[in-house]
Amino acid sequence: MSKPYNHTKATLALAKASFRSIMRSPSAVVFTLAFPLIFILVFGFLGGGGIKVDVAVSPGSDLKNPVINALGHNNVVHLLTDKDAQEIRRGLEKGTIDAVITVQKNKAGTPAYLANVQYTSASIDKGSIFKSVMSSLLYTLNTQNTEPAIAKLQESTIQGRVYRTIDFILPGQLGFSLLSTGVFGTAFVFFGLRQNLVIKRFFATPVRRSSIVFGEGLARIGFALLGAVFIILIGHFFFHFTLIHGITTILNMLLLSVIGLIVFMGFGFVVSGIAKSESTIPPISNIITLPQFLLSGTFFSIDAFPSWLQPISRALPLTYLNDAMRKVAFEGAGLWDVKQQIFIMVIWGIGIYAVAVKVFKWE
């Protein structure tokens, strides 16, 4: 009496073979490891960034005064007027808010307004920039008026964690890696298996279709997780990337990576289903990936984009993966704290796999 066919072993065997194939693929290594690592090295050594100075306006502050009005028209300053005191305090401690300003009418009459600015040691560089902005602004306001001086500046500093450029760049590059692996890797592999009649040969065996998909998926998830661990450790030990809870933070980031990769693989299935030839895969994949690379906060903060472009950026799945990664790594958020980002990625996943089922071809 013959033993029943073991589909679990078949799935694992396919995953093992696919993993070996991925490891031998130069393009997989380049997109998953080389490109993200190059960007991390560049931004890590330069330490720069084009992010604006985020300045919160203290609750109860007078918003209709020359100081706030001038800051609102300054290209360097991004005013935050909708934060409460607790949010501002947390933002200063974490470095996500660079300074807080309070402007009140002076009861003594001279000068007309008192401007109180608090900086944070977590964002010293941006604090220095804002000091220069305020000095120039007040000099202009005060010298343009023959009446009593417009405002007097008072300053202080709150202690907080240093927010480095790598803390913004690395999660974006990790998302870049996962999106590349999920879309390009999946699309090329399944199209190649179909074109070379490998899948057709599988159908002559007892192997289930689901085993083929799960085997390939496991291989890609395993490879992507190895790449993620490599990128995180390089960033942490060489460029002081913040892992606020250590190994727990790494595990949370890896779980987010799995969720993100599964969603992005759905795009890869769609591409492999609609591509007519291997040469059409790159342009179709680029239509999916390039907007996300550029608009999802991978290299620059979404807040720096034009206001009409920001809603588009906030509709993309990579935006939510990047945002969740940054909150987990620097702010110490747990997976429950980023449930909104996870939920939106899951919604994207359901939608894209519904499309993939319609267009995917086995033969």
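No hydrogens, no waters, no symmetry mates; every other heavy atom, side chains included, goes into these values. From a predicted model like this one, the values you see are computed outputs, not experimental measurements. For reference, positions follow the sequence shown, starting with 1.
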I need the minimum non-hydrogen distance between [X] and [Y], along with the two atoms involved.
{"X": "Met253", "Y": "Met325", "answer": "O-CE, 3.4 Å"}
{"X": "Gly175", "Y": "Asn322", "answer": "CA-OD1, 3.9 Å"}
{"X": "Gly297", "Y": "Arg326", "answer": "O-NH2, 2.6 Å"}
{"X": "Val67", "Y": "Met134", "answer": "CG1-CE, 4.2 Å"}
{"X": "Ile244", "Y": "Val328", "answer": "CG2-O, 3.9 Å"}
{"X": "Leu254", "Y": "Ala228", "answer": "CD2-CB, 3.8 Å"}

Evaluate Ile101 against Ser58 for side chain to side chain contact (heavy atoms under 4.5 Å, CB included), listing each step before the verdict.
CA-CA 6 Å; Ile101 185 170; Ser58 179; over 6 Å; no
Same apolar cluster (I L V M F W Y, side chains within < 4.5 Å links), [X]/[Y]:
{"X": "Ile350", "Y": "Phe267", "answer": "yes"}
{"X": "Leu174", "Y": "Phe237", "answer": "yes"}
{"X": "Val357", "Y": "Ile262", "answer": "no"}
{"X": "Ile287", "Y": "Val271", "answer": "no"}

Would a distance-only check, ignoring hydrogens and angles, find a side-chain to backbone donor-acceptor pair under 3.5 Å from [X] to [Y]?
{"X": "Gln118", "Y": "Ala99", "result": "no"}
{"X": "Asn286", "Y": "Pro282", "result": "yes"}
{"X": "Tyr320", "Y": "Arg314", "result": "yes"}
{"X": "Ser272", "Y": "Phe269", "result": "yes"}
{"X": "Asp337", "Y": "Gly334", "result": "yes"}
{"X": "Ser61", "Y": "Val103", "result": "yes"}
{"X": "Glu87", "Y": "Asp84", "result": "yes"}
{"X": "Thr280", "Y": "Ser277", "result": "yes"}
{"X": "Thr81", "Y": "Val57", "result": "no"}

Would a 4.5 Å heavy-atom cut-off, applied to side chains only, mark [X] and [Y] as touching?
{"X": "Trp348", "Y": "Phe264", "answer": "no"}
{"X": "Phe330", "Y": "Pro171", "answer": "no"}
{"X": "Thr289", "Y": "Ser180", "answer": "no"}
{"X": "Ile231", "Y": "Ser177", "answer": "yes"}
{"X": "Thr96", "Y": "Arg90", "answer": "no"}
{"X": "Leu71", "Y": "Phe130", "answer": "yes"}

Distance in Å, [X] [atom1] paired with [Y] [atom2], rounded so as to fall on 0.5 Å steps:
{"X": "Met345", "Y": "Thr319", "atom1": "CE", "atom2": "OG1", "answer": "11.0 Å"}
{"X": "Leu316", "Y": "Leu321", "atom1": "CG", "atom2": "CG", "answer": "12.0 Å"}
{"X": "Ile281", "Y": "Lys276", "atom1": "CD1", "atom2": "NZ", "answer": "12.5 Å"}
{"X": "Leu170", "Y": "Asp167", "atom1": "CG", "atom2": "CG", "answer": "8.5 Å"}
{"X": "Ile221", "Y": "Phe214", "atom1": "CD1", "atom2": "CZ", "answer": "10.0 Å"}
{"X": "Ile250", "Y": "Leu233", "atom1": "CD1", "atom2": "CG", "answer": "5.5 Å"}

For atom NZ of Lys105, decide whether the heavy atoms of other residues, nucleotides or ligands shown that lie under 6.0 angstrom number more than 12.
no
Criterion side chain to side chain contact (heavy atoms under 4.5 Å, CB included) on Gln173 and Thr298, from CA distance to verdict:
CA-CA 6 Å; Gln173 295 311 307; Thr298 301; 3.7 Å; yes
Taking it one step at a time, do Val55 and Leu80 satisfy side chain to side chain contact (heavy atoms under 4.5 Å, CB included)?
CA-CA 6 Å; Val55 179; Leu80 306 171; over 6 Å; no
Sequence neighbours excluded, which residues qualify as side chain to side chain donor-acceptor pair (under 3.5 Å) partners of His78?
Asp54
Decide side chain to side chain contact (heavy atoms under 4.5 Å, CB included) for Gln341 and Lys327; before the verdict, give the C-alpha distance in whole Å, the side-chain angles of both, and the deciding distance to 0.1 Å.
CA-CA 10 Å; Gln341 289 86 344; Lys327 287 181 180 296; 3.4 Å; yes
Taking the six-membered ring of Tyr119, is the NZ or CZ of Lys131 close enough (under 6.0 Å from the centre) and on axis enough (within 45°)?
yes
In terms of relative ring orientation, are Phe184 and Phe188 parallel, tilted or perpendicular, with 30° and 60° separating the classes?
parallel
